[in-house]
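In what follows, a structure is listed as structure tokens, so that the remarks can point back to it.
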Amino acid sequence: MSVEKQDNSVLLELKIPQNLYYFQGHLTNAPVLPGGALTHWVLEYINEYFDVDSSLFQGFKGLKFQIIICPGYTLKLKLSQVPKAANFLG
């Protein structure tokens with residue numbers, strides 16, 4: 001929905017559609033966005049907005065999903081690059 005880019009960070013506002021592919025077959029009675037989908041998006045946005053090759057990604061440190069993302073939600077995703085490193089904070 002919107003993108004706010006600064007030198008070392010980007011803030012994305014994302015609208016999660018009701019018919020998003022990732023909801024198919026994942027908790028059919030109460031659809032929830034799988035964590036793997038969100039981590040995939042993070043890697044895609046790192047490629048798009050920063051000069052970083054996400055194919056070199058080795059893993060997340062201290063990853064914890066704090067909300068359940070359901071169809072129709074609007075999210076704010078902030079990615080921040082630590083200066084002089086290829087590390088990101090989310």
Check residues 41-48 and write down every donor-acceptor pair under 3.5 Å in which the side-chain atom is one partner and the other belongs to a residue at least two apart or another chain.
from: Asn47; atom 1: OD1; to: Ser54; atom 2: N; distance (Å): 3.1
from: Asn47; atom 1: OD1; to: Ser54; atom 2: OG; distance (Å): 3.1
from: Asn47; atom 1: ND2; to: Ser54; atom 2: OG; distance (Å): 2.8

Single-linkage hydrophobic cluster Leu12~Phe65, side-chain heavy atoms < 4.5 angstrom | yes

Given the rule that I, L, V, M, F, W and Y join up when any side-chain heavy atoms are under 4.5 Å apart, are Leu38 and Tyr21 in one cluster?
-> yes

Considering non-hydrogen atoms only, spot the tightest contact between Asp53 and Ser55 and give its length.
-> OD1-OG, 2.6 Å

Steps toward side chain to side chain contact (heavy atoms under 4.5 Å, CB included) verdict (Lys76, Leu11) = CA-CA 7 Å; Lys76 288 189 178 183; Leu11 177 64; 4.1 Å; yes

Side chain proximity check, Leu75 to Ile67, heavy atoms < 4.5 angstrom | yes

For Ile16 and Ile69, run side chain to side chain contact (heavy atoms under 4.5 Å, CB included): C-alpha distance rounded to whole Å, both residues' side-chain angles, the deciding distance at 0.1 Å, then the answer.
-> CA-CA 8 Å; Ile16 308 301; Ile69 302 169; 4.0 Å; yes

Step by step, would you call Phe50 with Asn8 a side chain to side chain contact (heavy atoms under 4.5 Å, CB included)?
-> CA-CA 8 Å; Phe50 299 94; Asn8 292 326; 5.6 Å; no

Write down the atom of Leu33, the atom of Phe23, and the distance for their closest heavy-atom approach.
-> N-CE2, 3.3 Å

Do the non-hydrogen side-chain atoms of Val52 and Gln81 ever get within less than 4.5 Å of each other?
-> yes

Given Leu77, Thr74, Val3, the one that forms side chain to side chain contact (heavy atoms under 4.5 Å, CB included) with Glu13 = Thr74

Note: Pro71 and Gln18 closest approach over all heavy atoms is CB-OE1, 3.3 Å

Under the side-chain contact (heavy atoms from CB on, under 4.5 Å) test, which residues partner Asn19, sequence neighbours left out?
-> Pro17

Got a second to check how far Lys5's NZ is from Leu79's CG, nearest 0.5 Å?
-> 9.5 Å

Do the side chain of Ser9 and the main chain of Gln6 share a donor and acceptor less than 3.5 angstrom apart?
-> no

